[in-house]
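Written out below as structure tokens is the structure these notes cover.
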Amino acid sequence: MADVTREFFEQIARKQYDERLGSMRGTVRFDITDDRTGSGESWWVTLDRGAISVAEGADRADCILETDNRTFERLVDGTLTATTALLRGSVTAEGAVDLLLYFQRLLPSPPPHLHDQLHAAQERA
Amino acid sequence: MNRSVSVLDGNTFVVSDECGDINASPTDATGLFSWDTRFLSRWILTVDGDRLGSLSVDELDYYQARFFLIAGTGTVYVDSQLSVIRTRSVGDGFHEVLEIFNHSDQPVELSVHMEAGADFADLFEVKDALAKQGDYHTRVEPSRLVLGYQREQFARETTISADGAEIGETGLTFRPSIEPRQSWKAEMNVVTSVVAAGARITETKYGRSDSRPRPNMAMELATWLDEAPSLVCDWESLERTYIRSLVDLAALRFSPLSARGRSLPAAGLPWFMTIFGRDSIFTSLQALPFVPELAATTLRELAARQGARIDDFRDEDPGRIPHELRYGELTAFEERPHSPYYGAADATQLFVVLLDEYERWTGDVELVGQLETEARAALRWIDDYGDLLGNGYVSYQRRNEKTGLENQCWKDSWDSISYHDGRLPGFPRATCELQGYAYDAKVRGARLARLVWQDAALADSLEQQAVDLKRRFNEDYWVADGEYYALALDAEGRQVDALSSNIGHLLWSGIVDDDRAPAVAERLMEERLFSGWGVRTLAEDEGRYNPIGYHVGTVWPFDNSFIAWGLRRYGFRDEAARVAAGILDAAAFFDGRLPEAFGGYPRSLTRYPVQYPTACSPQAWSTGTPLLLLRTMLGLEPLEGHLIVDPALPRGIERLELLDIPGRWGRTDAFGRGRVDVDRPPGLRHELGETPVTKRRAAPGVQAR
């Protein structure tokens, strides 16, 4: 499994706190499948009024998100937002979707060149 | 056959012709829509191969319609032995009951066919006629027909089922035999589903794909009406308008997936059944004294989607409150930026204003505590990102130049912001009302910081900033020779000097210096702005004035409701009552349902309000307008645990009672008595506003209805 995913979860675990998470409390689990090998991994994140803790494993969670590693890598490099991924069906959600909206605040801004690519896509549309 | 019939629930709606049929062209707005996608574009009933003719349509409720049809699309004289009733209820997709009556003394054997087809167009495609990029599929199953569309993992399906039907790829066929003077009945279910990989989509309100439309909607509506305050008034028209507003507001409720079943006001029908930051906030403000829970959901849902990143495509900044959220294919694949789009320069300030006003009414400090982070981020946005030029004013310029919005204020059409001579300014533009909202947000944010967040330092600093902003604003925006505030400042800091309705919002926000308020009130009530029905968006002597120009001369009911609130705030009781009277008179012409906008023609000229041609209806903030006008007429203001009532009724209303007003006091009543008794000429429509009675007598045509 790509290191990018592990790096992301380790990075938010090190952060421990992000005030932008506001008063949201709950647990989010990501079930991520490697689309080449078919193997899967699960990450379990607790949000508690800004405090963040991360564990590996498939424990019960308030919001369960299922995706593949390529999609997840695009979420954590800022080229795809969680909302659009959900609308496309490349992420599916079960449970409290509002937790995903808050979790999304931990994802980075898009790289500057992305805007031009999106313009190109709109031209085609 | 040109009239369309709409039924809806949340963001699921069906627009058909008078027969109940749907026969959509790519650019035509009929069909079954849900989550911004058209799930049926063909739905055509034939009996023995022939279309039916319409006798009448009964729009029972916003979610239900009944079509009375006859065989043969005959002209004037029809001698039909068959009649057909279609009853359609919207819920999870829709449920349709088909009943055919054989009036003859012979048995009949019929072939009844319902043709079905789906183009799965995105709402934006319907408006712009764009081509599809994914693939269609059709599955014929034992008792149902499944129509589907797939683009990568984006999948949408329509499932049509009926007992006793033959299922084919293009629809359902029934072959009933009906005895003389007997009838036959069939039920069909059309279910919309959003299928994602693993079929794991969560739909909080609409339930699973095989469920039937919710049967309890009539009860829900009754409960909704029951829980709202009741109105007693000697002016019948206002009572009708009030009920119409409450019912339409119920129809406009929308529950996003994340809201766990709670609702907020969507912006309008049929195109705008989604979250709009500005519209949802304004409507929640208008409805606060009546249905405060809408405000709570609006605040929560907007907070959950507050900007956190810098994203040029979406015009997103940290702290910014979203403008518009969409769910369709073009949004999913980033051909449109509405996921959500953030291009509004006012919603962020208004979010703080609503949060404070909500607490003043309800005393719900818990929500203010829960949203502290978002409210602080919104307050920071005003200075860190809203102030594009670093001159201490909020201004806007889109970063998404392809599909972003040019004008990011409520007057969002291309020519809405102009100089007196009609020229358009460059960007960024700092319209005046944005500064008023910023001022109000700082004042109210300071109150919340002291009261709930226990942060006196923040409160002090916000108050200081507010004082400073008000002082600068009154220097820089005041057009001295005309005695009003400029519509905007341009990028060079020069006044965009048109006289507009925006100055009324300044009164509402409290940014107007006390000694200038009389001049502002006077401008608003002069003939060049006040038409007799309401305040025009732009004054008659401005370069771009056009009485049927979208934001350059029409009268917007919502705009006027906030102007009336502003006039009352500064003590202009009579002026506020005149504005309320004009708009409520206009409402009577529209059976209590105010349109988005109507023409700016003088009342003395047209005698009736001329509806703006492409306006959507019902529109949420027009629906909320009579509610806010009731508040301003009764002078309702929460003060700690009490509700102050200080009525100033227009001439013509003798008695106005609003009972069971919810708030931090529990429930309370407000009573108003008229100041002037007006004898109503017998047989004439009772109007409050200022059309002279003699003129009305001279033109009896006006009384029709």
Side-chain angles (χ1 to χ4, degrees), chain A residues 18-25 31 33 35 49-50 62-68 71 74 78-125, chain B residues 35 125 128 130-131 133 150-155 194-202 204 256-260 300-301 303-306 308-314 316 318 325-337 339-340 369-374 376-377 399-403:
Chain A
D18 190 320
E19 67 162 4
R20 294 174 303 165
L21 294 169
S23 60
M24 184 48 77
R25 301 173 76 173
D31 294 340
T33 310
D35 58 357
R49 290 167 295 188
D62 302 318
C63 177
I64 297 167
L65 301 152
E66 206 170 275
T67 189
D68 59 73
T71 301
R74 292 196 56 203
T79 55
L80 183 66
T81 72
T83 303
T84 44
L86 201 60
L87 291 177
R88 276 180 208 191
S90 51
V91 168
T92 59
E94 189 175 52
V97 186
D98 45 345
L99 279 163
L100 178 62
L101 296 175
Y102 278 83
F103 180 85
Q104 181 160 252
R105 297 181 182 177
L106 299 171
L107 300 172
S109 295
H113 68 267
L114 190 72
H115 192 51
D116 304 327
Q117 291 174 7
L118 288 173
H119 272 172
Q122 287 171 58
E123 299 272 296
R124 284 195 301 274
Chain B
W35 301 104
E125 290 172 293
D128 303 339
L130 303 172
Q133 302 207 11
Q150 181 113 19
R151 174 173 170 189
E152 297 174 22
Q153 288 155 302
F154 177 93
V194 174
V195 191
R200 238 205 203 163
I201 199 71
T202 308
T204 51
L257 296 176
S258 52
R260 306 187 187 190
R300 279 197 202 94
E301 292 303 307
R305 292 170 178 80
Q306 184 174 43
R309 324 176 321 144
I310 298 201
D311 183 339
D312 292 344
F313 177 60
R314 294 175 180 80
E316 176 181 358
L325 176 66
R326 291 291 183 176
Y327 298 88
E329 179 182 351
L330 297 187
T331 302
F333 289 93
E334 298 183 313
E335 287 150 21
R336 289 290 185 281
S339 49
Q370 283 169 10
L371 299 182
E372 177 180 349
T373 304
E374 288 81 3
R376 285 173 179 265
R399 308 203 292 277
N400 177 346
E401 290 181 358
K402 288 280 184 343
T403 48

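Scope of the values below: all heavy atoms of this structure, side chains included, with no hydrogens, waters or symmetry mates. Every chain is numbered from 1, with letters handed out A, B, ... down the list of sequences. This structure is a prediction, so every number in the text was calculated from the model and none was measured.
- Shown are Tyr327(B), Phe154(B), Phe333(B), Trp35(B); of these, the side-chain contact (heavy atoms from CB on, under 4.5 Å) with Leu87(A) is made only by Tyr327(B).
- Looking at heavy atoms from C-beta onward, Gln306(B) lies out of side-chain contact with Arg20(A) at the 4.5 angstrom threshold.
- With chain A as the partner, the residue from Pro318(B), Gly328(B), Ser339(B) showing the most heavy-atom pairs under 4.5 Å is Ser339(B).
- Comment: Glu372(B) does not engage Arg49(A) in a salt bridge, judged by the lack of any side-chain N to carboxylate O separation of less than 4.0 angstrom.
- Residue contact with chain A, scored on non-hydrogen atoms closer than 4.5 Å, involves the backbone and the side chain of Ala304(B) alike.
- Partners of Ser90(A) by side chain to side chain donor-acceptor pair (under 3.5 Å), not counting sequence neighbours: none found.
- Of all heavy-atom pairs between Thr84(A) and Arg314(B), the closest is CG2-NH2, 3.5 Å.
- Qualifying salt bridge (Lys or Arg N to Asp or Glu O under 4.0 Å) partners for Arg25(A), counting only residues two or more places apart in sequence or in other chains: Asp48(A).
- Residue contact with chain B, scored on non-hydrogen atoms closer than 4.5 Å, involves the backbone of Leu107(A) exclusively.
- Neither the backbone nor the side chain of Asp18(A) comes within contact range of chain B; no heavy atoms are under 4.5 Å apart.
- In this structure, Thr67(A) OG1 and Gln153(B) CD are separated by 7.5 Å, a value rounded to the nearest 0.5 Å.
- When Met24(A), Gln104(A), Arg88(A), Glu19(A) are compared by the number of non-hydrogen pairs under 4.5 Å with chain B, Arg88(A) comes out ahead.
- Within the 4.5 Å cutoff, the side chain of Thr81(A) has heavy atoms near those of the Arg309(B) side chain.
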